[in-house]
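One structure below.
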Amino acid sequence: MPERPIALVTGASRGIGAAVARELSNTHDLLLGGRDTDALQTLANELPGHAEPWAVELTDHDAVAEKVAGIDRLDALVHSAGLVEIGPVSDMTGDAWRRTFELNLFAVTELTRLALPALRAASGHVVLVNSGAGLAAKPNWGTYAASKFALRAFADVLRAEESANGVRVTSVFPGRTATDMQRELRAQEGGTYEPEQYLQPESVARPVVSAVQATPDAHLTEIILRPS
Ligand SMILES: NC(=O)c1ccc[n+]([C@@H]2O[C@H](COP(=O)([O-])OP(=O)(O)OC[C@H]3O[C@@H](n4cnc5c(N)ncnc54)[C@H](OP(=O)(O)O)[C@@H]3O)[C@@H](O)[C@H]2O)c1
């Protein structure tokens, strides 16, 4: 039997990351990133093929380096872990800016850097789950939008630098999606959570997997999704 390709998905314990892991499990062996080891093990047990928890606090760069050390080939790295805090600039403290950037940007840049040798070895694919807020910045979305604008810039630079090494890079910009993050966000906004009005996590996962599985001549660089 030929070896199956290997994918590492962050934020795989819930939401969009879990849906991406489910969708990728048809073709890939999986490392399931997250912190909730019970949720990761439950998902691993459900999936066909090989899947194992890859539990690590992504903002702890030393811990991430230790986890990456054992990976010598990586066909896909999907960055889904992220957080959102909303509020006007007048209320956003330095700590709030740092919390958001630590996870939404610095955790992504460091994990990508550490994984690059393994990605190059496999002519792999990096997918960055961005957001509509990474394309248009609105009032109250300062920290989150800024982190996602920066994430897009990082993706563009990475693509330009690494395409010669056979590494493809895709930014995905979903609108509101029915996950725990959206439930918490609606509570912060003082609105009701209406999952039927939003994208389903599976609907975001599908195009992510299409990008990863695109033929080598095709590079899906950016995917924008809105609830219809
Ligand atoms: N939901 C939306 O409406 C929406 C829209 C556009 C873009 N997005 C983006 O989509 C991505 C996924 O969002 P989601 O809605 O699926 O979020 P979610 O349901 O809140 O899940 C967040 C995931 O990130 C992981 N995570 C959080 N902090 C972490 C940390 N410090 N270290 C390691 N893992 C951590 C969580 O793991 P544990 O639970 O195991 O800690 C969980 O698996 C995010 O980048 C988000 O910005 C979401």
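For ligands, and for the atoms within them, numbers begin at 1 and follow the listed sequence.
In the model, S13 has no side-chain atom that pairs as donor or acceptor with a side-chain atom of D36 under 3.5 Å. Side-chain N/O atoms of S163 and H219 include no donor and acceptor closer than 3.5 Å.
Remark: E189 engages R176 in a salt bridge, criterion side-chain N to carboxylate O under 4.0 Å. A salt bridge is absent between E194 and R186: the closest approach of a Lys/Arg side-chain nitrogen to an acidic carboxylate oxygen does not fall below 4.0 angstrom.
A side-chain donor-acceptor contact under 3.5 Å links R159 to the backbone of V169. In this structure a side-chain-to-backbone donor-acceptor pair under 3.5 Å is missing from S228 to R226.
Near ligand 1, residues G11, A12, S13, R14, G15, I16, G34, R35, D36, V56, E57, L58, S80, A81, G82, L103, V129, N130, S131, Y144, K148, P174, G175, R176, T177, T179, D180, M181, Q182 come within 4.0 angstrom through at least one heavy atom.
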